[in-house]
**Student:** 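Could you have a look at this structure, given as structure tokens, before my questions?
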Amino acid sequence: MNDVATYALRLGDDALILSQRLAWWSARAPELEEDLALTNVALDLLGQARPLLARAGELEGRGRDEDALAYLRGEREFLNLLIVELPDRDFAEAIARLLLFSTFQLARCEALTGSADELIAGVAAKAVKEVAYHRDHAVRWTLRLGDGTEESHARMQAAIERLWPYAHEPFAADELDLRMAGEGVGVDPATLRDGWRAFVAETLGRATLGVPADGWAPSGGRRGEHTEGFGFLLAELQSLHRAHVGATW
Amino acid sequence: MNDVATYALRLGDDALILSQRLAWWSARAPELEEDLALTNVALDLLGQARPLLARAGELEGRGRDEDALAYLRGEREFLNLLIVELPDRDFAEAIARLLLFSTFQLARCEALTGSADELIAGVAAKAVKEVAYHRDHAVRWTLRLGDGTEESHARMQAAIERLWPYAHEPFAADELDLRMAGEGVGVDPATLRDGWRAFVAETLGRATLGVPADGWAPSGGRRGEHTEGFGFLLAELQSLHRAHVGATW
Amino acid sequence: MIADAALVEAFEATIAADERIEPRDWMPDDYRATLVRQIAQHAHSEIIGMQPEGNWITRAPSLRRKAILMAKVQDEAGHGAYLYSAAETLGVSRDELTEQLLTGRQKYSSIFNYPTLTWADMGAIGWLVDGAAIVNQVPITRCSYGPYARAMVRICKEESFHQRQGFEILHALARGTEAQRAMAQDAVDRWWWPSLMMFGPPDDESPHSAQSMAWGIKRFSNDELRQRFVDMAVPQAESLTLTLPDAELRWNEQRGHYDFGPIDWDEFWTVVKGNGPCNRQRMEHRRAAHADGAWVREAAAAYAAKQDARRVAA
Amino acid sequence: MIADAALVEAFEATIAADERIEPRDWMPDDYRATLVRQIAQHAHSEIIGMQPEGNWITRAPSLRRKAILMAKVQDEAGHGAYLYSAAETLGVSRDELTEQLLTGRQKYSSIFNYPTLTWADMGAIGWLVDGAAIVNQVPITRCSYGPYARAMVRICKEESFHQRQGFEILHALARGTEAQRAMAQDAVDRWWWPSLMMFGPPDDESPHSAQSMAWGIKRFSNDELRQRFVDMAVPQAESLTLTLPDAELRWNEQRGHYDFGPIDWDEFWTVVKGNGPCNRQRMEHRRAAHADGAWVREAAAAYAAKQDARRVAA
């Protein structure tokens, strides 16, 4: 795959995999309105993923469409960040992840509206509004949970602590990121870090939550080195498609 | 598939699917010895399943081997009883299921040692000893949990209640069962019911546990109508094999 | 309290004129209770109905189908929300209704007590179950109770969209591989009879129907609606090149309708009474989701109370 | 308490004669502590080591491979059990050792803090990780402490069986489809360097080694064992037609050994200190399994106590 295709695939995989995780909440959310809201987020992300995967396939030029890329790659070929693939153990983790990721994603989308790749720019422009809503939603719940009951505060703090290590990877630029930034296709994510940190810290502060200490910073998603749970996510996602080789749906 | 092939497949699927469920306990059991014991049971069952699936494939005569039957059938083609496919929510459920199923399976194996199908007879003869151990193991834990602490008693009673409805299906003979019994290949499971009930009731009594009332009696496994969780079990079981069409391992 | 004769008269005149009763209008207690029961059951059906289809979201076989299915399940949540709001106009809170569902005192449609065993069930549910729902619900858009009628207008529009999507799923499968075609036929075989049962017991065993008809809540009898559904489904099945699992199904020139075989009412009552394949599972799932979410709802309430207190203090 | 000079002399004579110290023999406190630490770490490694391989049991690609993998993971549980028994002969209970593991005061081998990302990792772990373990452990079959030495005889036999199975997995993959071959090479690329780290820090940074050598607990230095492993692995890699990810790897005629590139000791220490990819996950998993099983262990204890009481009463 060429650089732009790989770059589009990274963006698409982030959205696809988080959408898959959020879809789990369908018929499981704490209240009906939240079921609607989380599914909305999942649908927005899926809507972002599809043209990005299609674009990656088109640039690759080997005839792979969005479904070939979603359903017929193995664990080591997915390029999403680790933070989007972690399973949620409770609602606090779903919200903590959405806060940490959508704050990053929004900044990335804003930067990518100027991408030299028209498709990427177009998806980003559309996504800015969507992701701004995701972030607002996460902020609202962070406040409610952080400044709610003793239990919700403890759970939300634990969720933030658990996810914090995975919030470093998005900002660690590799050579591809730098080349793409240089060519005006992408953005150097390191440049988004300060703004991200300021926003997250302010939100956590308002929610009476502490900002965790930095330390362990796992990475590997961009190289296809995922967490052990990721293979199970893919097994489920791909099971039906793979069981019917060559079928159309 | 002809009758004997289908019959062998039913027996094989019962063993394969329970083995898969028990394998989940690896590195998750309450103590090291129990990790060893549950894996032993799972290994025994897998060892029973393999020749039975192979025999089904051989009788079918379409070139399907044990792996083709295990990995390349869909949800609707598996013929195992529902009780073996249910996920365990705690250790009490694992034990309750093992008690209810292995008591049935032991009686069935004893009957099948005289099967007109040599392979089935041979597998049954070997399995009698293994399944007798499984049942003993389940009995020992039923006593410990039933007559242990207040919590363990409550959990074990709840587990028995939860699984009880699924303990009727094994004894409901369909036409294939009756034909196979008539031809001396199989056994009419209805004839095993009284012995099963006596043993289970006596064990529960010794464990200070109540025998649940009969009522709801779900079935469908023998027709390939499974519980909704079964598709996820298969997705996991088959994921790797299906991802590499035609590969050997 | 004895109703004022003038109020009764006004209510009856509104019904007679086929106009709408609105929340602030006087209405008989039985009318209110009947509506609450029916709207609640309908709302609960939407909520429980999310489970069998939600079961396939993570495994949908293409991204396009996944998006459509997610949106559909989301619509069901939305329908549940409108309907709870409609019920609230009758003076019951959503919390009360939820409680009634979770304790089993109010029902939901029995159709959702069947499992979704394959992807083709997404097609069969859309085509048959939503199809039957539409036949049931279109007359309710003219229901005498305004909020219910208006909710139903919106719901029916979306349901018909869902029905078309279900039909498309089956259409693609029926024209797909041999395995896909078999999957489609199997799903139709399993969902056909339960769909016919969705219209409820035969007219001669449906005790509440007459009063509901008189009140303009119900417009057609169970058997009339069932016939309408069969008449609609048969040609659609033909265009899908799938068969319906009823050897007695044939056009009756004289009646101008399709005749169909006897329904297994024993099965119907078994499922209604709680012994369908998934009754326990559906309720356990809903209770678990509700229980798991309790701390979140408490947090939201506590936060709101704190915010109010801050506003007052400021 | 000051040790009796005769006891010290007897201990040292046993060591000098390369005979075995047995549980009832007198031994220096430090000797005992060193052994407890080493055996416990070894036992914990077996227990934690069940996780990365257990991760693939439910997904093994053939029933034969599934059975072999289940049996292997079971053997690891068995090894853990022998080793805990060996440690118990030194006066620590399994409960204490479990506590030390769960609180992080005792370690397990860092190799298990790497994830198993594909099926080929089952091959690479068997071939490289078990291979390295065998090189480490074979000398321990001659350890001065009898119970540990004897446990190790049995363990080494099984490990060498596991190593062959791992080699076979890779062999099948390397001769399989293009995707399988790539999977095998990728696994070897990821597991090679961590396997070399299994022998511990270089000799000049391994403070405890000298005393362990003097006591006959350790027989060869870390670097000697590492070299032995490399010398063994290189021709095996060739026979697998897979490459090892080290451009500096080449035969050194003069030394009669393979030279190899520098090891990234920063990575080693990062993982040892708890920041490998899976340290947290492994510990959380073990703690959760232990906590989830607490009620079961309590029930077993309560039942046993009741049985004892009944026996006494009878």
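Given the structure is predicted, the values throughout are model-derived calculations rather than measurements. Here is the naming used below: chain letters follow the sequence lines, and residue numbers restart at 1 for every chain.
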**Student:** Which atoms of D/I47 come close to chain B, meaning under 4.5 Å heavy atom to heavy atom: side chain ones, backbone ones, both, or neither?
**Tutor:**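 When you check distances to chain B, only side chain atoms of D/I47 fall under 4.5 Å.
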**Student:** Yes or no on side-chain hydrogen bond (donor to acceptor under 3.5 Å, both in side chains) for D/Y108 and D/N113, after CA distance, side-chain angles and deciding distance?
**Tutor:** CA-CA 9 Å; D/Y108 56 88; D/N113 291 318; 2.6 Å; yes
**Student:** Does the side chain of D/R297 come under 3.5 Å of the side chain of D/H290 through a donor N or O and an acceptor N or O?
**Tutor:**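 The criterion, which ignores hydrogens and geometry beyond distance, is satisfied for D/H290 and D/R297.
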**Student:** Would you find a donor on one side and an acceptor on the other, under 3.5 Å apart, between the side chain of D/K107 and the backbone of D/Q41?
**Tutor:** no
**Student:** Decide yes or no for B/L53 and D/L63: does some side-chain heavy atom of the first lie under 4.5 Å from some side-chain heavy atom of the second?
**Tutor:**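 SC-SC contact between B/L53 and D/L63 confirmed.
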**Student:** Does anything in residues 31-45 of chain B reach chain D? List residues with heavy atoms under 4.5 Å apart, or say none.
**Tutor:** B/E31, B/L32, B/E33, B/D35, B/L36, B/T39, B/N40, B/A42, B/L43
**Student:** Ignoring hydrogens and angles, state whether a donor on the side chain of D/E298 or B/S152 is under 3.5 Å from an acceptor on the partner side chain.
**Tutor:**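 There is no such pair between these side chains.
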**Student:** Going by residue number, which parts of residues 58-71 of chain B are within reach of chain D, meaning a heavy-atom gap below 4.5 Å?
**Tutor:** B/E66, B/D67, B/A70, B/Y71
**Student:** Between D/R64 and chain B, which part of the residue has a heavy atom less than 4.5 Å away: side chain, backbone, both or neither?
**Tutor:**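 Its backbone and side chain both get close to chain B.
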**Student:** Determine the option with the most heavy-atom pairs under 4.5 angstrom with chain B, choosing from D/G54, D/A172, D/A71.
**Tutor:**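 Highest number of pairs under 4.5 Å: D/A71.
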**Student:** I'd like to verify something: which residue of D/R286, D/Q51, D/K306 has the highest number of heavy-atom pairs under 4.5 Å with chain B?
**Tutor:** D/K306
**Student:** NZ of D/K157: more than 12 outside heavy atoms within 6.0 angstrom?
**Tutor:**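 Not more than 12 within 6.0 Å, no.
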**Student:** Can you tell me how far apart CZ (B/R97) and CD (B/E85) are? Round to the nearest 0.5 Å.
**Tutor:**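 Answer rounded to 0.5 Å: 9.0 Å.
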**Student:** What part of D/H285 gets closer than 4.5 Å to chain B, counting heavy atoms only: side chain, backbone, both or neither?
**Tutor:**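 Contact with chain B involves the side chain of D/H285 alone.
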**Student:** Quick one, B/L99 and B/W141 - any side-chain contact, counting heavy atoms below 4.5 Å?
**Tutor:**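 Not touching, per the 4.5 Å side-chain cut-off.
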**Student:** Taking every heavy-atom pair that is under 4.5 Å apart, which of D/M50, D/K66, D/R65, D/Q74 has the most such pairs with chain B?
**Tutor:** D/Q74
**Student:** Ignoring hydrogens and geometry beyond distance, is a side-chain donor-acceptor pair present between B/Q105 and B/R108 at under 3.5 Å?
**Tutor:** no
**Student:** Hey, are the side chains of B/Q20 and B/V84 touching, using non-hydrogen atoms and a 4.5 Å cut-off?
**Tutor:**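 No, their side chains stay 4.5 Å or more apart.
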**Student:** Let me see the working for D/Y84 and D/H42 under side-chain hydrogen bond (donor to acceptor under 3.5 Å, both in side chains), right down to the final yes or no.
**Tutor:** CA-CA 9 Å; D/Y84 283 128; D/H42 192 160; over 6 Å; no
**Student:** Using a strict threshold of under 4.0 Å (side-chain N to carboxylate O), is an ion pair present between D/E284 and D/R280?
**Tutor:**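 Salt bridge absent between D/R280 and D/E284.
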**Student:** Test your reading of the model: is there a side-chain donor-acceptor pair from D/R287 to the backbone of D/L102, 3.5 Å cut-off?
**Tutor:**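 It does hold such a pair.
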**Student:** Under 4.0 Å between a Lys/Arg side-chain N and an Asp/Glu carboxylate O for B/D88 and B/R28?
**Tutor:**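 No, this pair does not count.
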**Student:** Please determine, among D/E168, D/R175, D/R94, the option with the most heavy-atom pairs under 4.5 Å with chain B.
**Tutor:** D/R94
**Student:** For residues D/Q163 and D/E159, is any side-chain donor paired with an opposing acceptor at under 3.5 Å?
**Tutor:**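 No, no side-chain donor-acceptor contact under 3.5 Å.
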**Student:** Is any side-chain N of the basic residue among D/D130 and D/K72 closer than 4.0 Å to the acidic one's carboxylate O?
**Tutor:** yes
**Student:** So does D/A86 get a backbone contact from the side chain of D/T89, meaning a donor-acceptor N/O pair under 3.5 Å?
**Tutor:** yes
**Student:** Does any heavy atom of chain B fall under 4.5 Å from the side chain of D/T177, the backbone, both, or neither of them?
**Tutor:**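 It is the side chain, since no backbone atom gets that close.
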**Student:** I'd like to know if the side chain of D/E96 reaches the main chain of D/S93, judged simply by a donor and an acceptor atom lying under 3.5 Å from each other, with no hydrogens or angles considered.
**Tutor:**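 Here the side-chain-to-backbone pair exists.
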**Student:** Can you tell which of B/I95, B/L240, B/D147 has the highest number of heavy-atom pairs within less than 4.5 Å of chain D?
**Tutor:**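 The candidate making the most pairs under 4.5 Å is B/D147.
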**Student:** Name, in order of residue number, those residues of residues 241-249 of chain B that have a heavy atom at a distance of less than 4.5 Å from a heavy atom in chain D; otherwise write 'none'.
**Tutor:**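 Against chain D, the residues of residues 241-249 of chain B that fall inside the cut-off (heavy atoms, under 4.5 Å) are B/H241, B/H244, B/A247, B/T248, B/W249.
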**Student:** Which atoms of B/L233 come close to chain D, meaning under 4.5 Å heavy atom to heavy atom: side chain ones, backbone ones, both, or neither?
**Tutor:** neither
**Student:** Report the C-alpha distance between D/D75 and D/H162 in whole Å, list the side-chain angles of each, state the deciding distance to 0.1 Å, and finish with yes or no for side-chain hydrogen bond (donor to acceptor under 3.5 Å, both in side chains).
**Tutor:** CA-CA 9 Å; D/D75 282 346; D/H162 296 164; 2.8 Å; yes
**Student:** Roughly how far, to the nearest 0.5 Å, is CG of D/L128 from CZ of D/R190?
**Tutor:**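 Answer rounded to 0.5 Å: 11.5 Å.
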**Student:** Are a donor atom and an acceptor atom from the side chains of B/H226 and B/E75 found within less than 3.5 Å of each other?
**Tutor:**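 No, because no side-chain N or O of B/H226 sits under 3.5 Å from a partner of the opposite role on B/E75.
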**Student:** Which members of residues 125-137 of chain B, sorted by number, sit under 4.5 angstrom from chain D on a heavy-atom basis?
**Tutor:** none
**Student:** Are the side chain of B/E93 and the backbone N or O of B/R89 linked by a donor-acceptor pair below 3.5 Å?
**Tutor:**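 Yes, because the side chain of B/E93 sits within donor-acceptor range (under 3.5 Å) of the backbone of B/R89.
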**Student:** D/A289, D/A60, D/A77: which one forms the most heavy-atom pairs within less than 4.5 Å of chain B?
**Tutor:**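 With the most close heavy-atom pairs to chain B, the winner is D/A77.
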**Student:** Using only atom types and a distance under 3.5 Å, with no angle test, would you say the side chain of B/D13 pairs donor to acceptor with the backbone of B/L79?
**Tutor:**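 Looks like yes, one N/O pair under 3.5 Å.
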**Student:** Counting only non-hydrogen atoms closer than 4.5 Å, does D/V296 touch chain B with its backbone (N, CA, C, O), its side chain (CB onward), both, or neither?
**Tutor:**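 Both parts, backbone and side chain.
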**Student:** Sort B/A49 into side chain, backbone, both or neither according to what part of it lies under 4.5 angstrom from a heavy atom of chain D.
**Tutor:**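 For B/A49, there is no contact with chain D at all, as no heavy atom is under 4.5 Å.
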**Student:** Is a side-chain donor or acceptor of D/R181 paired with a backbone partner of D/A174 at a separation under 3.5 angstrom?
**Tutor:**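 Checked: pair present.
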**Student:** Checking heavy atoms, do the side chain of D/M183, its backbone, both or neither come under 4.5 Å from chain B?
**Tutor:**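 The side chain, not the backbone.
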**Student:** Among B/E236, B/R21, B/R155, which residue forms the greatest number of heavy-atom pairs with chain D at distances under 4.5 Å?
**Tutor:** B/R155
